[in-house]
J.: 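This structure is in structure tokens; I'll ask about it shortly.
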Number of protein chains: 2
Amino acid sequence: MATIKDVARQAGVSVTTVSRVLNETAPVNEKTKKNVLKVIEELRYSPSMMAQGMRTKKSKTLGIIIPDYINSFYYELFKDLEDAARKHGYNILVTSIGEGTQDKTAYLSDLVNRNVDGLVVCTYQGDKASIEYLLKLAETLPVVFIDHLNLDKPVNTVYTDGYAGIKKIVQHLYQLGHREMAYITSIPRYKVNNDRYQGFADALREYGLPLRPELVYEGNYHIESGYEAARHFFTAAPVRPTAIVSATDLMAIGAINYLKSMGLKIPEDVAVTGFDDIHMSRWISPPVTTCRQPLAAMAEQAVELFLHRSRHPHAKVKRIIFEGELMIRRSTDPAKEEFVQV
Amino acid sequence: MATIKDVARQAGVSVTTVSRVLNETAPVNEKTKKNVLKVIEELRYSPSMMAQGMRTKKSKTLGIIIPDYINSFYYELFKDLEDAARKHGYNILVTSIGEGTQDKTAYLSDLVNRNVDGLVVCTYQGDKASIEYLLKLAETLPVVFIDHLNLDKPVNTVYTDGYAGIKKIVQHLYQLGHREMAYITSIPRYKVNNDRYQGFADALREYGLPLRPELVYEGNYHIESGYEAARHFFTAAPVRPTAIVSATDLMAIGAINYLKSMGLKIPEDVAVTGFDDIHMSRWISPPVTTCRQPLAAMAEQAVELFLHRSRHPHAKVKRIIFEGELMIRRSTDPAKEEFVQV
DNA sequence: CTGAAAGCGCTAACAC
DNA sequence: GTGTTAGCGCTTTCAG
């Protein structure tokens, strides 16, 4: 690995000059510049990020926190974040943290010791202590939340409007004639979950429909809990729903599995909806009606927000809300094609 | 951020001493040690990885390369790698590189400039130039391949025996009475693909079954290509297969979608099998018979291999092969439960 | 326009 | 057991 010294020596200039052509931090004579560039090429030199970071206190690295359970939603989001970050010369240091993670604060501070220039937190499943830590961190380090927690403190946030999204879904179901709808929540602690649930509750009220506690099941994000939720609705609840609204696609897929195992037809007997529009939703049978989160745009905004905060440490906190797009598929609409047209 | 100097001053010792209690690199008097530890605690000091790395040329960071298309297989693998790496104090720097990535070599060298201590390459979809680069890199940097390319050069590799795995699958199908089997390949350039295909071809031969070129479709990893493959078998091929063997779960799911769209019953009319055992395979209808890759164990071995190579730069190249586990589900066996029991 | 020199936070000889 | 010192590869005053 060639160093800046090697380049300087070979080019017959000082390291300062090399640094200057590298960073364009001061004017350099065209000829010497050309020469230095040539030597850089020859030696296949490229500056050590560690040394650079050590001086500048910047690592050109963005830390990303994702939950540790398998939901390809986060995989898709993560990829978009990586793309967006790379466009601006940043690399990604990922850490997954979940309910089960032992010392969450340690994981976070580990990221900080690695001098990440900022943090993008995707649906953080943290305990009190680590959330405190995260918020304190946010005072000095650019931190952006995607689908964040229920917080008093204002923080930089990017998310899809779950309240309006679920309302669209309920409207869609209402128009199809559904009057008894069940709901599968994710984890109550999360704002994103509460928003969606509130959208459901308010929509029912607006249509003059009853909100039955027995038709609300508290899931936990996993497919299995969607399965359990559907079982609950069809075995323990006094009223059978004609539609199941799930806070996430994954749980909707679980519910669909249960319903089919009972020999129920979807959507003829029961309609099912999800949220997120993960890639697999199109390939489930029946394909799942859902609310699409514009992931690529969200990722870009999150990175943008991070960059802005890096450059202007005292910039006002921003909250960027995207609108979800209703994707009508066969799980609610019998008129739709059952299978994907490729 | 407190530095080692702050700790030294506060504790009334030299930075060397602090460094020594930190790294246990030389004996330190018990009392001073205790004191230093106390100060470290008080100041919430924790060493800067950048400065450390700058001296030691170690970053405690492992680079991971994953393909850039959406296959949750890589998400699952990535998570297991992260867990395994963290156990040894390593963080993960991920980069996704795919067929479409513009300058692959740049992505790789970027990782190197960031001083990753090693690289784990998951099914690399690279061009000639970047593969050359990768191999040259492997001479000086620990590089481990998971499901690697077809290479002459010996490299550290961890993978699941696709040859034997597919043979198990064919045997299973043969025992169920299937005599006309179709095959969906992934990308021919990959050894992992060739192994699996070879397993298919050899198994057919051993059972005295014909290997029909019209019943081999070249897919590309994506779900869509599995769909196309099935369409091909049922519209363009002269013989209808009674079973479709796919090189990956994802394409098997695509095939299943096509078959169902044609009103065919699975497995009664056509059986379908996959490979990998991604999480979603259990939730597809019908659940997919497949060959499970022991991801957690593979990830651990990959990290182990990396560590060993770090410590012994001239260690012999190793090739660790895992056996896949046949997971029989409803997509081949009508006797199995159609739906998941939760 | 260019260079010498200091120093970022840490580790590792080398002395004591 | 402990401290002094040099230096990792780079950026950045400060002089020229």
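Throughout, protein chains are lettered first and strands after them, A, B, ... in sequence-line order, and every chain is numbered starting at 1.
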J.: Can you tell me whether the side chain of B:Thr25 and the base of C:dA12 have a donor-acceptor pair closer than 3.5 Å?
T.: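 It does not, because no donor-acceptor pair links the side chain of B:Thr25 to the base of C:dA12 below 3.5 Å.
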J.: Atom CE of A:Met50 and atom P of D:dC10: how far apart are they, to the nearest Å?
T.: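 Answer to the nearest Å: 12 Å.
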J.: Atom NZ of A:Lys5 to atom C1' of C:dG3: distance rounded to whole Å?
T.: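 In whole Å, C:dG3 C1' and A:Lys5 NZ are 15 Å from each other.
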J.: Under 6.0 Å from the six-membered ring centre of B:Phe306 and within 45° of its axis: does the NZ or CZ of B:Arg311 meet both?
T.: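 The answer is no, since B:Arg311 fails at least one limit relative to B:Phe306.
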J.: Round to a whole Å and report the spacing from CG of B:Leu22 to P of C:dG9.
T.: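 It is 15 Å, rounded to the nearest whole Å.
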J.: Taking the side chain of B:Ile4 as its heavy atoms from C-beta onward, which of D:dT2, C:dG9, D:dT11 lies nearest to it?
T.: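 When the side chain of B:Ile4 is considered, C:dG9 is the closest of D:dT2, C:dG9, D:dT11.
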J.: Under 3.5 Å, is there a donor-acceptor pair between the side chain of A:Lys58 and the main chain of A:Gln52?
T.: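 Pair absent, no side-chain N/O of A:Lys58 close to backbone of A:Gln52.
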J.: Does any donor-acceptor pair link the side chain of B:Arg20 with the base of D:dG3 at a separation under 3.5 Å?
T.: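 Pair found.
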J.: Nearest-Å distance, CE (A:Met54) to P (C:dG7)?
T.: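 About 13 Å, once rounded to whole Å.
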J.: Looking at the side chain of B:Asn23, which of C:dT11, D:dG9, D:dT4 is the nearest nucleotide?
T.: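 When the side chain of B:Asn23 is considered, C:dT11 is the closest of C:dT11, D:dG9, D:dT4.
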J.: Between P on D:dG9 and NZ on A:Lys60, what's the gap in Å once rounded to a whole number?
T.: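 Atom NZ in A:Lys60 sits about 22 Å away from atom P in D:dG9.
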J.: Can you tell which of C:dG3, C:dC10, C:dT2 lies closest to the side chain of B:Ala51?
T.: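 Between C:dG3, C:dC10, C:dT2, the one nearest the side chain of B:Ala51 would be C:dC10.
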J.: Ignoring hydrogens and angles, are the base of C:dG7 and the side chain of A:Arg55 linked by a donor-acceptor pair under 3.5 Å?
T.: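 Check passes, donor-acceptor contact within cut-off.
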J.: Between the side chains of B:Arg319 and B:Asn156, does any donor sit under 3.5 Å from an acceptor?
T.: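 Per modelled atom types, B:Arg319 and B:Asn156 side chains form no pair under 3.5 Å.
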J.: Can you check the A:Glu30 CD to C:dT2 C1' distance for me, whole Å?
T.: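 Going from A:Glu30 (CD) to C:dT2 (C1'), I get 15 Å.
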J.: I need the single residue from B:Phe78, B:Tyr75, B:Phe73 that forms a ring-ring contact (aromatic ring centres under 6.0 Å, His included) with A:Tyr75. Which is it?
T.: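 Output: one option passes, namely B:Tyr75.
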J.: Does C:dT11 have OP1 or OP2 sitting under 4.0 Å from an N or O in the side chain of B:Thr56?
T.: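 Negative; the distance criterion is not met.
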J.: Which sits closer to the 5' end of DNA chain D, B:Thr32 or B:Lys57, going by the nucleotide each is nearest to?
T.: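 The answer here is B:Thr32.
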J.: Provide, to the nearest angstrom, the distance between the CZ atom belonging to B:Arg114 and the P atom belonging to D:dC10.
T.: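 That distance rounds to 14 Å.
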J.: To the nearest 0.5 Å, what is the distance between CG on B:Asp110 and OG1 on B:Thr95?
T.: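 OG1 of B:Thr95 is found 7.0 Å from CG of B:Asp110.
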J.: Is it the case that the base of C:dA12 and the side chain of B:Ser19 share a donor-acceptor contact (distance under 3.5 Å, atom types as modelled)?
T.: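 Flag unset: no donor-acceptor pair detected.
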J.: Give me the atom names and distance for the closest heavy-atom approach of A:Ala302 to A:Leu81.
T.: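 Distance-wise, the nearest heavy atoms are CB-CD2, 4.2 Å.
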J.: Please report the distance, rounded to the nearest Å, between CG in A:Asn35 and P in C:dC1.
T.: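 Checked: the CG to P distance equals 16 Å.
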J.: From C-beta outward on B:Pro27, which listed nucleotide comes closest to its side chain: D:dC10, D:dG1, C:dG3?
T.: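 So the side chain of B:Pro27 is nearest to D:dG1.
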J.: Regarding B:Ser48, tell me which of base, sugar-phosphate or nothing describes its non-hydrogen contacts under 4.0 Å with the strands shown.
T.: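 Since only primed, P, OP1 and OP2 atoms lie under 4.0 Å of B:Ser48, the category is sugar-phosphate.
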J.: Would you indicate, yes or no, if D:dG9 has its OP1 or OP2 atom less than 4.0 angstrom from a side-chain nitrogen or oxygen of A:Gln52?
T.: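 No, A:Gln52 has no side-chain N/O under 4.0 Å of OP1/OP2 on D:dG9.
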J.: Would you say the side chain of B:Thr16 and the base of D:dT4 hold a donor-acceptor pair, judged only by whether the two atoms sit under 3.5 Å apart?
T.: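 When only heavy-atom distances are counted, B:Thr16 does reach the base of D:dT4 through a donor-acceptor pair under 3.5 Å.
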